Amino acid sequence: MTTVFIAGSISINRLHKKVQERIGRIVSSDLDVVVGDADGADTSIQKCLHAYQAEKVTVYCTGELPRNNVANWPVQNVTSKAKPGSRAYFTAKDLEMARTSDYGLMIWDCKSTGTLSNVIELLRERKKSVVFVNKSSDFINVSDKAGLHLLLTFMSAHARAKAEEKINLSSVIASISQEQLSLDVAGNAPSSSSEKAKQPGNATGRLPMSHHAVPKLWTEDLAEARRLAAGLSASLRDKIEIAALGVRSKAPFQLLTVREALIWRTEELARGACDALERQDFTVAALLVRSIAESAAMTWYLLEILDNRKGYTPAALNDALMRMFAGSKNSWADGPEAINVLTFVKRLDKKIPGFEDAYNSLSEAAHPNWLGVSGLYSRIDRENFIVHYGRGFHTERSGNQLVNALIGGLLTFKDGYNKIADAMPAFLAELEKL
């Protein structure tokens, strides 16, 4: 059974609605939870779990009795040789929770070294953390050193200095393995068996979210990418029936029409990208993976229109959706103007910080710049003043980068696709029925 380690900064006494909803999904997915006994976030997390009537919870404490246990859950006592009451004394239970869990959900105030240490310890264990950053009121996915560095950008200079003083942060980061972990960038807990069984058989169907093991080689990552692509293939639908939506407004039909066309496009790109990576045709793969990132960004922009629908007049909503459905830059003079793909990318970067940087890196490989030309097909022998040309000079580097970007793009697409499904029932309920 999957176990989630939930923790947060002691300064946080109230959980954001997004965190509460995430905890609710963990409980409804019937996952095991381990949580600490401290004041602040630990107690708030316990109260939230209790409100969701969570039963599969274990409270960890250092010593004999927990300081907080709001629902009298089972207790796991951890022995520490450190001085009672010291930082090291209480850290012992956190290290044990990181060891026994599969994932982390952290709520961070952008300065707490305790929560940051939990994220780092999970990384050392080759486990992913989803970190809710209070400053931005959003989640950051930390599955490798790049994700950790992104998280650290939210720290002030003063907080960073304190972290250096308390936990020698720079040395700790340097000690983490360079190995990249392919994990869910969208931050979703593994689906329950009932969720996995749901297929998009109606107009607002969801895609099953996959739970994949931590890979060791990029070729193993490629096998995971193929599984994700196969999941898209199995979820393709050949029609949407307008009458089945049951409303007079054409907006839901317009929105779902674009959404379903996007999954067909993304599925085709995913199959092609997997084939190209298998052949080690990295330029082709870069072009296809970048296109998948664009599909993901467009899906999230569609979701943004849906979430903000009450801010549109009916005519403005129609115009926005028609730009998504029939927009063009060159095909017809009197048709709606297409939205620039960089608009999609920049909007998604606000939801998933770092997405635009990742997209720009793919563009470097896709364009005839150094990375996609000389950096890929040449190797300089400086000692003998010879430049060699061919394939396979940078296989591990290119393979790792592209297959991880492919997995990330597919998971991001699927998360946006599923979030639209989650929001559609409320949208349909607001509209005049047929």
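By convention here, the first residue in the shown sequence is residue 1. Please read these numbers as outputs of a predicted model, since none were measured by experiment.
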- Query: Looking at side-chain heavy atoms only, is the closest gap between Ser101 and Val4 below 4.5 Å?
  - Reply: no
- Query: Considering only heavy atoms from C-beta outward, does the side chain of Asp32 approach that of Asp102 to under 4.5 Å?
  - Reply: no
- Message: Other residues, nucleotides and ligands only: do more than 12 of their heavy atoms fall within 6.0 Å of NZ on Lys17?
- Response: no
- Task: Of all the heavy-atom pairs spanning Leu269 and Ser291, show the shortest one and how long it is.
- Result: CD1-CB, 3.6 Å
- Measure the shortest side-chain to side-chain distance between Asp144 and Asn404 over non-hydrogen atoms and say whether it is less than 4.5 angstrom. no
- Task: Only one of Leu245, Asn318, Leu321, Leu317 passes side-chain contact (heavy atoms from CB on, under 4.5 Å) with Lys250; say which it is.
- Result: Asn318
- Output, in order, the C-alpha distance, side-chain angles, deciding distance and verdict of side-chain contact (heavy atoms from CB on, under 4.5 Å) for Asp94 and Tyr60. CA-CA 8 Å; Asp94 296 323; Tyr60 277 62; over 6 Å; no
- Item | Residues Asn69 and Asp37: side-chain donor-acceptor under 3.5 angstrom | no
- Message: On the six-membered ring of Phe139, is Arg22 placed so that its NZ or CZ lies under 6.0 angstrom from the centre and within 45° of the ring axis?
- Response: yes
- Message: Regarding Arg99 and Glu96, does a basic nitrogen lie under 4.0 Å from an acidic carboxylate oxygen?
- Response: yes
- Task: Quick one: pull up CG in Leu255 and CD1 in Ile420 and give me the separation to the nearest 0.5 Å.
- Result: 5.5 Å
- Check: Tyr52/Gln20 side-chain N/O donor and acceptor closer than 3.5 Å: no
- Quick check: are there more than 12 heavy atoms from other residues, nucleotides or ligands sitting under 6.0 Å from NE2 of His50? no
- Message: Quick check for you: to the nearest 0.5 Å, what is the distance between Ser398 atom OG and Asp281 atom CG?
- Response: 12.0 Å
- Query: CD of Gln280: more than 12 outside heavy atoms within 6.0 angstrom?
  - Reply: yes
- Item | Close side-chain approach of Leu15 to Ile23, heavy-atom, < 4.5 Å | yes
- Rounded to the nearest 0.5 Å, what's the gap from OG1 on Thr153 to CD1 on Ile140? Could you check? 7.0 Å
- Item | Ser374 side chain vs Trp370 backbone, donor-acceptor pair below 3.5 Å | no
- Should the heavy atoms of other residues, nucleotides or ligands under 6.0 Å from CZ of Arg67 be counted, would the total exceed 12? yes
- Could you walk me through whether Val130 and Tyr103 pass side-chain contact (heavy atoms from CB on, under 4.5 Å), step by step? CA-CA 8 Å; Val130 179; Tyr103 296 94; over 6 Å; no
- Task: Using a 4.5 Å cut-off on heavy atoms from C-beta on, say whether the side chain of Trp108 contacts that of Lys135.
- Result: no
- Task: Evaluate the side-chain proximity of Leu406 to Leu410: yes if any heavy-atom separation is below 4.5 Å, no if none is.
- Result: yes
- Message: If you count every heavy atom of other residues, nucleotides or ligands that lies below 6.0 Å from Lys350 atom NZ, does the total exceed 12?
- Response: no
- Query: In Å and rounded to the nearest 0.5 Å, what is the CD to CG distance from Glu121 to Leu95?
  - Reply: 5.0 Å
- Task: Taking Asp109 for its side chain and Ser112 for its backbone only, find out whether a donor-acceptor pair lies under 3.5 Å.
- Result: yes
- Query: Can you list the steps and then say if Lys56 with Asp30 is a salt bridge (Lys or Arg N to Asp or Glu O under 4.0 Å)?
  - Reply: CA-CA 8 Å; Lys56 304 177 72 171; Asp30 200 33; 3.6 Å; yes
- Value rounded to 0.5 Å, distance of CD in Gln254 from CG in Leu302: 10.5 Å
- Task: List the atom of Ala273, the atom of Ala285, and the distance in Å for their closest heavy-atom pair.
- Result: O-CB, 4.5 Å
- Over all heavy atoms of both residues, which pair between Ser137 and Lys18 is shortest? Give the atoms and the distance, please. O-NZ, 2.9 Å
- Task: Apply salt bridge (Lys or Arg N to Asp or Glu O under 4.0 Å) to Glu356 and Lys346, showing your working.
- Result: CA-CA 6 Å; Glu356 185 176 6; Lys346 291 180 182 297; 2.7 Å; yes
- Item | Heavy-atom closest contact (Leu428 atom, Val247 atom, distance) | O-CG1, 3.7 Å
- Donor-acceptor contact present, side-chain Trp73 to main-chain Gln46, <3.5 Å: no
- Measure across Ser249 and Ala251 and return the closest heavy-atom pair with its distance rounded to 0.1 Å. OG-N, 3.1 Å
- Message: Quick check against the 3.5 Å criterion: does Lys162 have a side-chain atom that pairs as donor or acceptor with the backbone of Lys111?
- Response: no
- Any donor and acceptor pair, going by atom type alone, linking the side chain of Ser156 with main-chain N or O of Ala159 inside 3.5 Å? yes
- Any Val258 side-chain heavy atom under 4.5 Å of Met298 side chain: yes
- Query: So Val59 and Gln76, side-chain contact (heavy atoms from CB on, under 4.5 Å) or not? Walk me through it.
  - Reply: CA-CA 6 Å; Val59 176; Gln76 179 65 48; over 6 Å; no
- Hey, are the side chains of Tyr377 and Arg391 touching, using non-hydrogen atoms and a 4.5 Å cut-off? yes
- Taking Trp300 for its side chain and Val345 for its backbone only, find out whether a donor-acceptor pair lies under 3.5 Å. no
- Message: What verdict does the side-chain contact (heavy atoms from CB on, under 4.5 Å) test give for Ser44 and Ile12, after you've listed the backbone C-alpha separation in whole Å, the side-chain angles of each residue and the deciding distance to 0.1 Å?
- Response: CA-CA 8 Å; Ser44 298; Ile12 297 173; 5.8 Å; no
- Report yes or no: does Lys433 contribute a side-chain atom to a donor-acceptor pair with the main-chain N or O of Leu431 at less than 3.5 Å? yes
- Item | Point-to-point distance, once rounded to the nearest 0.5 Å, from CD1 of Ile292 to CG of Leu287 | 11.5 Å
- Not counting sequence neighbours, which residues clear side chain to side chain donor-acceptor pair (under 3.5 Å) with Ser233? List them please. Glu267
- Task: For the residue pair Tyr359 and Phe355, categorise the inter-ring angle as parallel (less than 30°), tilted (30 to 60°) or perpendicular (more than 60°).
- Result: parallel
- Side-chain (Arg259) to main-chain (Tyr417) donor-acceptor, under 3.5 angstrom: yes
- Going through the distances and angles, do Glu304 and Lys351 end up as a salt bridge (Lys or Arg N to Asp or Glu O under 4.0 Å)? CA-CA 10 Å; Glu304 185 175 317; Lys351 297 285 187 181; 6.0 Å; no
- With no hydrogens and no angle check, is any side-chain donor or acceptor of Thr43 less than 3.5 Å from a backbone partner on Ala38? yes
- Message: On a heavy-atom basis, which atom in Thr299 and which in Gly416 lie closest, and how many Å separate them?
- Response: CG2-C, 3.7 Å
